[in-house]
2 protein chains.
Amino acid sequence: MAALAGSGANTVNEPSPAPQPTEASAAKAVSGVDLHQMRRQRLNPDERRQQIFVCAQKLFNENPYEDVSATDIAAAAGVARGLINHYFGNKRNLYLEVIRISSTVSAVAVARLPEGSLEERIDLAVDWFLDSLEKSGTSWLALGSGSMGRDPDLETILIAAENDSIELLIEACGLAGRTEGREQIRAMFRIYAQLARSGGREWLLRKTLTRPQVHALLASTLAVIVEKAVPAV
Amino acid sequence: MAALAGSGANTVNEPSPAPQPTEASAAKAVSGVDLHQMRRQRLNPDERRQQIFVCAQKLFNENPYEDVSATDIAAAAGVARGLINHYFGNKRNLYLEVIRISSTVSAVAVARLPEGSLEERIDLAVDWFLDSLEKSGTSWLALGSGSMGRDPDLETILIAAENDSIELLIEACGLAGRTEGREQIRAMFRIYAQLARSGGREWLLRKTLTRPQVHALLASTLAVIVEKAVPAV
DNA sequence: AGGACTATTGACAACGTGTCAATAGCTGGC
DNA sequence: GCCAGCTATTGACACGTTGTCAATAGTCCT
């Protein structure tokens, strides 16, 4: 993997004071001259685990899974590679844990969903979504349906994370009361969520559409889903 | 990887008479008793390449990329692993070639798109899409945006394949004449394509919605995009 | 200070990939 | 029919990655 610094846009959920990558990795990485023996230091398991996690998060956000080796992560954390397996079992598991956090973006808060007509509430909900998208950075956009139906673990994680946002959206559309076709309504909103994600991609990644244009598309399609598709269950 | 037979639903584009996996692989796979020395046979390059390709296609359709090793493919084709690199350079390249074929599904024919109101044409277009989806199997659904923005090669292949369908859809919606915001219109249909794909997933993979329900959702959203979002460019 | 607990290491085995010189199947000329 | 040349095909090699595990060495407690 090519070592690069990157801006590290979206580090979500940072319980402990974010232990810096440790002067260890720096010393090793910068040059070979600096051999003051680097007394290895012994942290308590939670801190060390968290530190490794943060480094992995950064790397996985900047590079695709297979381009990040356990060695890279260990080097970034200034730690022996074996320690990764000790704390996370295997690389894939660590990755899944990173995903689990990264994909919890947006479920955090929609504060108060205001009164008003359906159109107004949809408008606000879309605004809120685009805001949170802009803040959370682009890595979340790259996530998703690539391995759907193939990778059960990843799928359940992603589904679980998306469910929160979806419940929220359903409520915002005034459909919280509906109980009969509940699962089917959820499915429809899940489909819509992909539309929203895809819209975000065009806006933030490919830059082919402006925010107002994406907003218009998302708002009008959501409205028509609520008005036409949902009643058809 | 787990060796399993599978039905091999969608083998598209089969130029040569589909050389069977060769009794070689069978002999090796079935039991160790059958050692009549297996004279290796020398095919002309096109045939051999095609044969390897077919085996790879089958394996990649049934298992995710990283679970299929070059050894698996070579074994399936009854051939030395080195030959794969000789013909395709590397594993990734072979994979991309498989994808390039698999993703050309649906661009084949929409025959005649009939006259009629916008609603009618949209209805037919959605029907056509769902038909082709049902036929092409589920592997196409699993493809897609997972590595978007990360994997340029895969992205361009997928985009290229999707572009055909999108041009078709634009025409079906009577937007072929529009020239000014062309690229933005394309972007909107690209977003819609993700919605359609996602709808297909709910219908065929997760089985949470029925075909009529997905149809209604796709038709109404497409209509509203054409009527509301597109005029806003 | 010294002993016990355990976080951390480093070497090992297994596996996967790409390269390349050596091998052996086929084909055409005699 | 047979032999020589062409090249499709092989198998071993070098290197990188992953997961395991016994050995090592910080740190805390008495």
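Proteins get letters first, then strands, A, B, ... in listed order; numbering begins at 1 in each. Worth knowing before you read on, the calculation uses all heavy atoms, side chains too, and leaves out hydrogens, waters and symmetry mates.
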Donor/acceptor link under 3.5 angstrom from A/R42 side chain onto base of C/dT6: yes
Minimum-distance nucleotide to B/Q41 side chain [options: C/dC26, C/dA11, D/dT10]: C/dC26
Residue whose closest nucleotide on DNA chain C lies nearer the 5' end, A/H86 versus B/G89: A/H86
Between P of C/dT6 and CZ of A/R49, the distance in whole Å: 18 Å
Whole-Å distance separating the CG atom of B/L43 from the C1' atom of D/dT7: 13 Å
All side-chain contact (heavy atoms from CB on, under 4.5 Å) counterparts of B/A229, not counting sequence neighbours: A/L217, B/M188, B/I225
salt_bridge(B/E97, B/R49) N-O dist < 4.0 Å: yes
side-chain contact (heavy atoms from CB on, under 4.5 Å) partners of A/R186, counting only residues at least two apart: A/E167, A/I170, A/R182, A/E183, A/R190
DNA chain D: 5'-proximal contact among B/P45 and B/R81 (nearest heavy atom): B/P45
Ring geometry between B/F60 and B/Y65 (parallel below 30°, tilted from 30 to 60°, perpendicular above 60°): parallel
Which nucleotide in D/dT17, C/dT9, D/dT9 has an atom nearest any side-chain atom of A/L83: C/dT9
Closest listed nucleotide, where the reference is the side chain of A/T71 and the choices are D/dT18, C/dT8, D/dT9: D/dT18
Nearest-nucleotide pick for B/N85, side chain only, options being C/dT19, D/dG19, C/dT6: C/dT19
Nearest-angstrom distance from the residue atom CG of B/D67 to P of C/dG16: 11 Å
Atom-to-atom span, CD1 of A/I52 to C1' of C/dT9 - whole angstrom: 12 Å
Stepwise side-chain contact (heavy atoms from CB on, under 4.5 Å) test for B/I84 and B/K91: CA-CA 7 Å; B/I84 292 177; B/K91 178 185 156 191; 5.7 Å; no
Atom pair distance, as rounded to whole Å: CD1 in B/I84 and P in D/dT10: 10 Å
Sugar-phosphate only, base, or nothing, as touched by B/Y87 at under 4.0 Å among non-hydrogen atoms: sugar-phosphate
Closest to the B/V79 side chain, choosing from D/dG19, C/dT9, D/dT10: D/dT10
